[in-house]
Amino acid sequence: MNRNPKYEALLDYLKQLDRVVLAFSGGVDSTFLLRAAKEALGDRLKAVTILAPYIPKWEIEEAKELVRGLGVDYEIIEAPLIDEIRYNPDNRCYLCKTAVFSMIKELAGKGGYHYVIDGTNFDDIHDYRPGLRALAELGVKSPLLDCKLTKAEIRSLSRELGLPTWDKPPYACLLTRIPYDSELRIEDFEKIERAEKYLMDLGFRAIRVRCHDDLARIEVDRSDRSRLFDEELMDRISEKLKEFGFRYVSLDLAGYRTGSLNAAIGITG
């Protein structure tokens, strides 16, 4: 790898933190940060993944494999579905981040770690991210943001470092599949997870199954929409998603877009 000035600045930043716990999801950003933190800090690093009802099991397994491959001390914290977000309020991300990062901070303090860090990147400040306020209030450090690393730069550097996540599609927790002000139910998380995994296994990379009670609204990447104009495939998908618990199965003609349910609270783009 050619030494990149921003990557070098990131390593210097991390070295100054000395002992850290990294909130690790297994996504593009947190995997890149884990790799950099391992290089900068060695054994003074611990990774922590949150296991919650709204985190897909396959994502937890991927996170375990990634941590194992980098040889980092690792722990999984089980987090409940807190009462404050039971009806999916529009500030759910703030409430959830406050709860789970408080748990991570407590673990870090008991272990003698100085900081908790996360994978927020420089592009995230231009998106609707109410959880960022919770991170700021709790004193969580965001090295990729502070070092002004964009998503494109992180993907490029991840590729140079040989990380398997360099081209991984963006993913968000399953809370984002359910409309605001709707009751959150474990059975809905389970059927969404099964439906999205099934579609991924069919080769759809950027995929969301939005859950409107017993209706599934499928979003796929715009370039993949034409694949679904196949009657046999549509029948297979409809039949399978109904097996998972949906009564109706629909395709969103506009295709996948981040935060499509945010339009209900006046947030677009």
Side-chain angles (χ1 to χ4, degrees), residues 4 6-7 9-17 19-41 45-52 54-56 59-60 62-67 69-70 72-77 79 93-94 96-98 100-105 107-108 113-161 163-173 175-176 258-259:
N4 178 287
K6 280 194 176 181
Y7 186 71
L10 175 63
L11 294 180
D12 290 340
Y13 178 107
L14 290 165
K15 288 173 184 174
Q16 293 178 36
L17 301 183
R19 286 177 55 81
V20 305
V21 169
L22 190 158
F24 183 65
S25 69
V28 177
D29 300 327
S30 66
T31 301
F32 171 71
L33 182 58
L34 184 72
R35 168 63 175 77
K38 175 65 176 178
E39 181 176 344
L41 301 171
L45 166 69
K46 184 183 186 75
V48 170
T49 295
I50 294 295
L51 172 61
Y54 44 84
I55 304 297
E59 194 170 29
I60 299 294
E62 282 191 5
K64 288 180 184 177
E65 287 297 316
L66 289 164
V67 172
L70 290 171
V72 175
D73 184 28
Y74 186 49
E75 188 165 339
I76 294 176
I77 299 178
C93 190
Y94 169 77
C96 180
K97 292 279 190 187
T98 298
V100 299
F101 274 88
S102 293
M103 295 172 69
I104 296 173
K105 279 200 70 174
L107 179 147
Y113 292 91
H114 301 153
Y115 295 99
V116 172
I117 62 175
D118 89 310
T120 301
N121 70 59
F122 192 61
D123 290 333
D124 289 336
I125 60 174
H126 305 299
D127 196 4
Y128 177 64
R129 302 264 178 167
L132 295 182
R133 179 163 66 94
L135 301 183
E137 290 174 357
L138 291 168
V140 173
K141 297 281 188 182
S142 299
L144 304 180
L145 171 60
D146 292 342
C147 293
K148 296 182 169 57
L149 280 152
T150 65
K151 192 69 160 190
E153 290 171 328
I154 291 165
R155 287 191 183 277
S156 177
L157 288 166
S158 295
R159 188 174 188 178
E160 289 185 44
L161 289 165
L163 296 173
T165 49
W166 74 270
D167 65 342
K168 184 176 182 178
Y171 204 76
C173 78
L175 295 173
T176 63
T258 302

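Throughout, residue positions are numbered sequentially from 1 according to the sequence presented.
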Any carboxylate oxygen within less than 4.0 angstrom of a Lys/Arg side-chain nitrogen, looking at [X] and [Y]?
X: Lys46; Y: Asp73; value: yes
X: Glu62; Y: Lys168; value: yes
X: Asp29; Y: Lys151; value: yes

Looking only at heavy atoms, what is the nearest atom pair of [X] and [Y], with distance?
X: Leu138; Y: Thr98; value: CD1-O, 3.9 Å
X: Val100; Y: Ala79; value: CG1-CB, 4.2 Å
X: Ser142; Y: Asp118; value: OG-OD1, 2.5 Å
X: Ala40; Y: Leu14; value: CB-CB, 3.8 Å
X: Gly26; Y: Thr165; value: O-CG2, 3.8 Å

For this session: Test the Arg159-Trp166 pair against the cation-pi criterion, namely NZ or CZ under 6.0 angstrom from the six-membered ring centroid and within 45° of the ring axis.
Result: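 The answer is yes, since Arg159 meets both limits relative to Trp166.
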
For this session: On the 0 to 90° scale, with breaks at 30° and 60°, tag the Phe32-Tyr7 ring pair as parallel, tilted or perpendicular.
Result: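 Phe32 vs Tyr7 ring planes: tilted.
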
Going by atom types alone, do [X] and [Y] pair a side-chain donor with an acceptor below 3.5 Å?
X: Thr150; Y: Glu153; answer: yes
X: Gln16; Y: Tyr115; answer: no
X: Tyr171; Y: Ser25; answer: no

State the [atom1]-[atom2] distance between [X] and [Y], to the nearest 0.5 angstrom.
X: Leu10; Y: Lys15; atom1: CG; atom2: NZ; result: 10.5 Å
X: Leu157; Y: Arg35; atom1: CG; atom2: CZ; result: 10.5 Å
X: Asn121; Y: Asp146; atom1: CG; atom2: CG; result: 12.0 Å
X: Lys97; Y: Ile50; atom1: NZ; atom2: CD1; result: 10.0 Å
X: Leu149; Y: Ile154; atom1: CG; atom2: CD1; result: 5.5 Å
X: Leu66; Y: Tyr74; atom1: CG; atom2: OH; result: 9.0 Å

Exercise. Would you find a donor on one side and an acceptor on the other, under 3.5 Å apart, between the side chain of Thr31 and the backbone of Val28?
Worked result: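 Between the backbone of Val28 and the side chain of Thr31 there is no qualifying donor-acceptor contact (under 3.5 Å).
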
Exercise. In terms of heavy-atom contacts, does NZ of Lys6 have more than 12 from other residues, nucleotides or ligands at under 6.0 Å?
Worked result: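 For Lys6, atom NZ is crowded (more than 12 foreign heavy atoms under 6.0 Å).
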
Exercise. With side chains defined as the heavy atoms from C-beta onward, is the minimum distance between Asp124 and Leu145 less than 4.5 Å?
Worked result: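 The answer is no; the side chains never approach within 4.5 Å.
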
For this session: Would you mind telling me which of Val72, Val48, Ile117, Thr49 makes a side chain to side chain contact (heavy atoms under 4.5 Å, CB included) with Phe24?
Result: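 Of the listed options, the one satisfying the test is Thr49.
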
